[in-house]
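Here is the structure we will look at, set down as structure tokens.
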Amino acid sequence: MNILIVYSHPSKKSYTFQVFEQLKLAVKKQNWNLEISDLYASNFQSDMSEEEYEREGFAKINLPISKDVLEEHKKIEKADCIIFLYPVWWSDCPAKLKGWFDRVYSVGYAYGQTNDFPKMKTIPFGLVICTAGHPNSFLSEIGMAQSMETIMLEDRLGKRFKNKEMLILGGTLDLENVMADHFLQIEKTVEKIKNYLT
């Protein structure tokens with residue numbers, strides 16, 4: 001089983017980093033192969049260049065794809081499951097992760113496919129895990145949870161994933177009262193991956 005974690009947070013002092021460590025432990029317990037794209041640690045270029053825009057904006061699939069993007073494509077092609085882990089900042093993922101989608105989901109590969117260009121495989125399972133300051137109940141009450149799920153699951157993951165789920169670890173402003181439950185949810189969610197991949 002090959003698992004890819006796309007992780008987006010700049011600080012090892014953050015709660016999201018603690019979740020990242022717990023997630024890695026839970027995956028390793030299963031004896032699965034684990035690959036990580038740590039977007040901040042690798043200084044992933046999130047801004048699309050003018051040359052990349054020309055390729056994407058005008059669907060010129062004959063133009064070259066950047067080396068760092070091709071490296072991400074290789075990781076995607078090996079993965080049975082991709083887990084996206086990030087904090088909720090202003091109702092969405094950090095710009096680094098948004099930039100990952102902007103650049104890695106290149107035309108001809110992730111959309112606008114043709115018969116004569118390598119296209120992205122359908123990933124068996126996609127999991128989105130995000131940490132949020134507000135409790136889940138509040139995020140649902142104001143429609144934010146539903147909005148985040150629609151954007152991540154229906155647009156960014158979309159039909160590129162056969163199965164997909166989102167786990168919002170909310171209430172981090174009251175961390176002492178939610179941490180144990182969050183870590184339990186991570187364990188259960190990783191167990192769930194087995195149902196989709198075995």
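Numbering of residues begins at 1 and proceeds along the displayed sequence.
Residues S11 and F17 share a closest heavy-atom pair of O-CB, 3.6 Å. When all heavy atoms of K75 and I36 are compared, the pair lying nearest together is NZ-O, 3.7 Å.
I168 and L175 are assigned to two separate hydrophobic clusters, defined by single-linkage of ILVMFWY side chains at heavy-atom distances under 4.5 Å. Put simply, L23 and W32 are part of the same group of oily side chains (I, L, V, M, F, W, Y) that touch within less than 4.5 Å, one to the next. Connection of I129 to Y86 is not established within any shared hydrophobic cluster, with ILVMFWY side chains joined at heavy-atom distances below 4.5 Å, either directly or through further cluster members. In this structure, V128 is a member of the same hydrophobic cluster as I82, with clusters built from ILVMFWY side-chain heavy atoms closer than 4.5 Å.
Ion pairing between K29 and E187 holds under the 4.0 Å rule for side-chain N and carboxylate O. A salt bridge does not link D102 with R156: none of the charged nitrogens is closer than 4.0 Å to a carboxylate oxygen. With respect to K24 and E21, a salt bridge is recorded, a charged nitrogen being found less than 4.0 Å from a carboxylate O.
Using modelled atom types, no side-chain atom of Q30 and backbone atom of E191 make a donor-acceptor pair closer than 3.5 Å. In this structure, the side chain of S147 does not engage the main chain of G143 through any donor-acceptor pair within 3.5 Å.
To the nearest 0.5 Å, the span separating OG on S46 from CZ on R103 amounts to 8.0 Å. Separating the CD atom in Q18 from the CE atom in M179 is a distance of 4.5 Å, to the nearest 0.5 Å. Within the model, atoms OH of Y111 and OG of S106 stand 7.5 Å from one another, a figure rounded to the nearest 0.5 Å. To the nearest 0.5 Å, atoms CD1 (I5) and CG (L34) are separated by 4.5 Å. Here T122 contributes atom OG1 and K162 contributes atom NZ; the two are 9.5 Å apart, rounded to the nearest 0.5 Å. To the nearest 0.5 Å, atoms OH (Y109) and CZ (R160) are separated by 10.5 Å.
Counting heavy atoms from C-beta on, the side chains of Q45 and D68 come closer than 4.5 Å. L97 is listed as a side-chain neighbour of V6, based on a closest heavy-atom distance under 4.5 Å. At least one side-chain heavy atom of C130 sits less than 4.5 Å from a side-chain heavy atom of M166. The shortest distance between side-chain heavy atoms of V19 and H182 does not fall below 4.5 Å. Residues Y196 and P124 have side chains not in contact (no heavy-atom distance under 4.5 Å, counting atoms from C-beta outward).
Tested against I123, the residues L157, I76, D80 include a single side-chain contact (heavy atoms from CB on, under 4.5 Å) partner, I76.
Geometric assessment of K96 against the ring of Y40 yields a positive cation-pi assignment under the 6.0 Å and 45° thresholds.
A donor-acceptor contact closer than 3.5 angstrom is absent between the side chains of E56 and Y105. Counted by atom type alone, S37 and E72 present one or more donor-acceptor pairs between their side chains at under 3.5 Å. No side-chain donor from either of T172 and T131 sits under 3.5 Å from a side-chain acceptor of the other.
The aromatic rings of H9 and Y7 sit parallel, their planes meeting at an angle under 30°, below the 60° perpendicular limit. Between Y15 and F183, the two ring planes are parallel [angle under 30°; tilted spans 30° to 60°]. Below 30°, between 30° and 60°, or above 60°: for F84 and F161 the angle between ring planes is above 60°, a perpendicular geometry.
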(Q) If you apply the rule salt bridge (charged side-chain N to carboxylate O under 4.0 Å, His left out), what do you find for K74 with E71, and how did you get there? (A) CA-CA 5 Å; K74 283 180 194 170; E71 287 301 313; 3.3 Å; yes
Q. Between R55 and E52, does a salt bridge (charged side-chain N to carboxylate O under 4.0 Å, His left out) hold up when you go through it step by step?
A. CA-CA 5 Å; R55 187 184 189 282; E52 285 175 319; over 6 Å; no
